[in-house]
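Below: the structure, in structure tokens.
Side-chain atoms are counted along with the backbone in the values below, which use heavy atoms only and exclude waters and symmetry mates.
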Amino acid sequence: MSGTWMTTRAWLLMLPLLVVMVAVIGWPLVDTVNLSFTDAKLVGTGGNYVGFDNYTNMLSSSNFSRTLVTTTLFAVISVAAEMVIGVLAALLLNQQFHGRAVLRALMILPWALPTVVNATLWRLIYNPEYGALNAALTQLNLIDAYRSWLGEPGTALAALIVADCWKNFPLVALIALAALQAVPRDITAASLVDGAGPFNRFRFVILPYLAGPLMVALVLRTIEAFKVFDIIWVMTRGGPANSTRTLSILVYQEAFSFQRAGSGASLALIVTLLVTVLAVAYAALVRKTAGSAA
Amino acid sequence: MLKTITKTLVGAVFAGGLLVPHAFAETTLNALFMAQAAYSEADVRAMTDAFTKANPDVKVNLEFVPYEGLHDKTVLAQGSGGGYDVVLFDVIWPAEYATNKVLVDVSSKITDDMKKGVLPGAWTTVQYDGKYYGMPWILDTKYLFYNKEILEKAGIKTPPKTWEELGAQAKIIQDKGLLKTPIAWSWSQAEAAICDYTTLVSAYGGDFLKDGKPDFQNGGGLSALKYMVDSYKSGLTNPNSKEFLEEDVRKVFENGDAAFALNWTYMYNMANDPKDSKVVGKVGVVPAPGVTGISDVSAVNGSMGLGVTAVSKHPDEAWKYIAFMTSQATQNQYAKLSLPIWASSYDDPAVTKGQEELIAAAKLGLAAMYPRPTTPKYQELSTALQQAIQESLLGQSSPEDALNTAAKNSGL
């Protein structure tokens, strides 16, 4: 009897949380699914049911496929770079050297700044007339004339990826650094005695300790990079000639600029589905890595 | 002692309690403005302070967003059930706002004095389907600014009267080695590019729409884009123009790095401010040029109005605030960054003093203002055109093909 009471009490204690969860996650999701089958406008009338029209129109549009490619490129390259730079930074900051504490604190800065501030900063750096990047590269004789980094389709996406890396590698570094501190010293010492070189020591002694936490970082960063909006919106608004338009920008334009809430909802759900598939795939990978590490 | 303090505190709380009903009688308005071009944020705050001083029972919360966020913020706030009482809106939005019931029809509130006093062209800013959806507040068009010193050094006596002449003068400046790329525009993938394009469409006598269908892909609309592409490819136009917004154009011009620049009224006084600018006293301004045989000058209607939203709980106070903000007295007092909507202000020395050249250009430019199309689908049309402009500039497609695609994607 006391057991049932305990269970009931547990549910009662969780009730406020459940109510909040349903209110802030469950209901909007149901509402969005419902909306995605209508031709509703953002303001004004509720709209009529149109079946799967929004989905078929969206999936068959050239805008969607082109944007999907851009988004994937952005996510894959920036996350890969962030992982590599993050781990290297963590390995460096794990060494004993003068000023390490200051450097650790400084590294967090780009990640702690609001994205809009970051993006504005990088816009200034890339400025084609007075930007620091152009000034530096000309002084180093790497380029002979100032270039329009965000104005050329060939460089705009790369410039955005660099800005995104700068902002987000500290997160990876932080997670990797925490994991590195957990590597027992006697094991690394033993590997030294056994004559392991730096690469082998990293590959066979340190990496197994890092694998699990890095997987978490990878999942987090991939999902975020796939949903990227603000850094691009501030820096290029999807230009030049839509070469940096990502899925989230397409959702924004559809739902808010053009006010087609129904069609925007369908696209938002397609993006949600893609991200979920990625997350599930990663989760399986994490389980496998954790299993092999144990 | 402690008792006295307690008593005083209790007394204060009671006194405060008595004041509460009074505080509730106060009305608070939420107003949305933009943070660049035309009136400065400080100007808007000062105007609003003057209003609340005259109307102590009304409080106004001001919010400023960049122009690029103004439309979406207005619509989003309304869509999410909250919203502003007073919003600033661009001339291109009344059709959409009226159709979607974002703004209320204020036709009955506009007095005969207002109707008579305001420049006729300004009213097109707030009208749709014969009804008024607010008061015009910013009367603006793009002017051709030029650097007097550079033109003088190049031996050019008068600023260009036609777009061909502009190109020819830019070529002289370039050939003499005075500037590498003499012309600056705002051709970023944004509404700014459409304003420059519209100015050229008006010069070439083109149409955006004919019988509700896209017509910019033919005639003047096509010539306008061809001019942009030619000017870009010839190297006379600063190639960075394709990522510039108005503020970037201003900085380039103020730095002395452009001989010609197309921009709004506000640049005139800013470029003459020694705090910001290296070209103080060298700023020339004329209406944007015309095309031989078609037009004398060209201009885009870039005006903006203030309206009361459909969700406002205090429409009367909101209108009172708008009437104050758009009144001739207020506008004359702040005529440095944005010219008044009132016809007789242009003969008032308090307004014209120190900016005679700008007023002279305004008289011609404002009279020639060409509208961007009034359609509820404007945002889609604009997005499609922005893409067409950028693709042609980048050489990804010919102006003909780009505009035909834009016509297909315009939603019309």
Could you check which of B:L393, B:I389, B:N255 has the highest count of heavy-atom pairs closer than 4.5 Å to chain A? B:N255

Are more than 12 heavy atoms, taken from residues, nucleotides or ligands other than A:F52, located less than 6.0 Å from that residue's CZ atom? no

Neighbour count >12 (heavy atoms, 6.0 Å) for atom CE, A:M14: yes

Check for a donor-acceptor pair, side chain of B:Q189 on one end and backbone N or O of A:N242 on the other, with a separation under 3.5 Å. yes

Evaluate the criterion side chain to side chain contact (heavy atoms under 4.5 Å, CB included) for residue pair B:L76 and A:F256; output intermediate values, then yes/no. CA-CA 7 Å; B:L76 267 173; A:F256 303 127; 3.3 Å; yes

Under 3.5 Å, is there a donor-acceptor pair linking the side chains of A:S148 and B:E243? yes

Give a yes or no on this: more than 12 heavy atoms of other residues, nucleotides or ligands lie within 6.0 Å of atom CH2 of A:W166. yes

Could you tell me which portion of B:F244 (side chain, backbone, both or neither) has an atom closer than 4.5 angstrom to a non-hydrogen atom of chain A? side chain

Check: A:Y146/B:N240 side-chain N/O donor and acceptor closer than 3.5 Å: no

When every non-hydrogen atom of A:G151 is compared with those of B:K242, the smallest separation belongs to O-CE, 2.9 Å

B:N100 CG to A:K41 NZ distance, which is reported to the nearest 0.5 Å: 5.0 Å

As an exercise: rank B:Q396, B:K251, B:E380 by heavy-atom pairs under 4.5 Å with chain A and give me the winner. B:E380

For A:Y49, look at atom OH and say whether over 12 heavy atoms of other residues, nucleotides or ligands are found less than 6.0 Å away. no

Could you check whether A:E129 and B:N238, counting side-chain N and O atoms only, form a donor-acceptor pair closer than 3.5 Å? yes

Nearest-0.5 Å distance, CG of residue A:N63 to CD of residue B:Q387: 6.5 Å

Calculate, to the nearest 0.5 Å, the distance between atoms CD and CD belonging to B:Q379 and A:Q253 respectively. 9.5 Å

Out of B:D257, B:L394, B:D248, which one racks up the most heavy-atom pairs below 4.5 Å with chain A? B:L394

Note: vs chain A, highest number of non-hydrogen pairs under 4.5 angstrom among B:N409, B:V102, B:T383 is B:T383

